[in-house]
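Below is one structure; the comments refer to it alone.
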Amino acid sequence: MKALYKYITEGYSGAGIIITYKDEVLFQLRKHPLSWAFIGGGYDKAKDNSLLDTAIRELYEESGIKINKEEIDKNPIHSLGFGKYKWILFHISLTNRPTINGDKEYSNEYIKYKWVKINNYRQELNNREKKHYPLYFFVSYQMKELKRRITFS
């Protein structure tokens with residue numbers, strides 16, 4: 001919470017992407033804070049023209065997954081902003097399950113990735129792990145929004 005307060009007062013903008021494939025969602029075990037979350041990161045004014053660009057860039061840097069802007073649902077799953085803080089989480093549903101091969105330069109930000117069933121994400125993240133890692137504090141809300149919006153083929 002100390003970091004969040006700093007973001008609100010000093011400023012931070014960022015974005016991420018929830019990736020789904022069929023009835024699965026991709027989670028990233030992040031190092032800071034140590035928790036399961038979605039891929040994302042901070043806006044870089046030298047590289048990004050928008051928070052959508054941030055989400056696409058972060059996805060590629062951390063996972064090696066390349067996507068087109070046109071494929072992303074432009075209606076965010078989660079948008080949060082107060083003070084000088086702004087965060088947007090987008091969604092993309094892929095037709096092929098991608099290979100994850102992130103840039104080694106960014107491997108200090110995450111530990112691993114895991115595909116889990118959307119409807120059983122909590123159980124699958126906990127049951128398959130020797131150690132139980134927490135969910136990032138907004139994930140439950142974000143997953144509820146995701147389930148409300150998508151249909152499985």
In this structure, would Leu146 and Leu89 fall into the same cluster of hydrophobic residues linked by side-chain contacts under 4.5 Å?
yes
Within 6.0 angstrom of Lys47 NZ, more than 12 heavy atoms from elsewhere
yes
Hey, are Gln28 and Tyr113 close enough side-chain-wise for a donor-acceptor pair under 3.5 Å?
yes
Angle between ring planes, Phe27 versus Tyr121, binned at 30° and 60°: parallel, tilted or perpendicular?
parallel
Side chains of Ile39 and Ile17: closer than 4.5 Å at any heavy-atom pair?
no
Output every pair passing salt bridge (charged side-chain N to carboxylate O under 4.0 Å, His left out) with a member in residues 91-100, not counting sequence neighbours, ordered by first then second residue.
Glu24-Arg97
Would a hydrophobic clustering, with Ile, Leu, Val, Met, Phe, Trp and Tyr connected at side-chain separations under 4.5 Å, put Tyr21 with Leu59?
yes
Value rounded to 0.5 Å, distance of NZ in Lys45 from OG in Ser13
11.5 Å
Whether over 12 other heavy atoms sit under 6.0 Å from Lys112 NZ
yes
Could you state the interatomic distance from CG (Asn75) to CD1 (Ile72), rounded to the nearest 0.5 Å?
13.0 Å
Taking the side chain as every heavy atom from C-beta outward, state whether Leu34 and Leu29 have any atom pair closer than 4.5 Å.
yes
Under a single-linkage definition using a 4.5 Å side-chain heavy-atom cutoff for Ile, Leu, Val, Met, Phe, Trp and Tyr, are Ile100 and Tyr60 assigned to the same hydrophobic cluster?
no
Is the closest side-chain heavy-atom distance between Leu51 and Asp53 below 4.5 Å?
no
Over 12 foreign heavy atoms within 6.0 Å of NZ, Lys144:
no
Any link between Trp87 and Phe138 through a network of hydrophobic side chains (Ile, Leu, Val, Met, Phe, Trp, Tyr) touching at under 4.5 Å?
yes
Whether the side chain of Glu58 engages the backbone of Ala55 through a donor-acceptor N/O pair (distance < 3.5 Å, no angle test) should be reported.
no
If you define the side chain from C-beta out and look only at heavy atoms, does anything of Met143 sit under 4.5 Å from Phe38?
yes
Check this for me, if you would: do Glu62 and Arg30 make a salt bridge, where the nitrogen-to-carboxylate-oxygen distance has to be below 4.0 angstrom?
yes
Taken in chain and number order and not counting sequence neighbours, the residues that satisfy side chain to side chain contact (heavy atoms under 4.5 Å, CB included) with Pro134 are Ser35
Quick check: does any side chain N or O of Lys114 sit under 3.5 Å from a backbone N or O of Trp36, one acting as donor and the other as acceptor?
no
Under 3.5 Å, is there a donor-acceptor pair between the side chain of Asn68 and the main chain of Glu70?
no
Write down the atom of Asp73, the atom of Arg149, and the distance for their closest heavy-atom approach.
OD2-NH1, 4.3 Å
Closest approach of Lys31 and Ile111, non-hydrogen atoms and distance?
CG-CG1, 3.7 Å
Please examine the side chains of Ser79 and Lys86, heavy atoms only from C-beta on, and report whether any two atoms are closer than 4.5 Å.
yes
Is there a path from Ile56 to Ile19 through hydrophobic residues (I, L, V, M, F, W, Y) whose side chains come within less than 4.5 Å of each other?
yes
Please examine the side chains of Ile88 and Thr54, heavy atoms only from C-beta on, and report whether any two atoms are closer than 4.5 Å.
no
So how far is it from Lys117 NZ to Asp23 CG, rounded to the nearest 0.5 Å?
4.0 Å
Are any of the side-chain heavy atoms of Phe90 and Leu52 separated by less than 4.5 Å?
yes
Give a yes or no on this: more than 12 heavy atoms of other residues, nucleotides or ligands lie within 6.0 Å of atom NZ of Lys104.
no
Do Glu61 and Tyr106 have side-chain atoms, one donor and one acceptor, less than 3.5 Å apart?
yes
I'd like to check Lys147 versus Ile118 (side-chain heavy atoms, cut-off strictly below 4.5 Å). Are they in contact?
yes
Worked verdict on Asp48 versus Arg57 for salt bridge (Lys or Arg N to Asp or Glu O under 4.0 Å)
CA-CA 8 Å; Asp48 307 326; Arg57 176 182 52 79; 2.9 Å; yes
For Asn126 and His132, run side-chain hydrogen bond (donor to acceptor under 3.5 Å, both in side chains): C-alpha distance rounded to whole Å, both residues' side-chain angles, the deciding distance at 0.1 Å, then the answer.
CA-CA 6 Å; Asn126 286 332; His132 293 264; 3.3 Å; yes
Least distance between heavy atoms, Leu135 atom then Arg122 atom
CD1-NH1, 3.3 Å
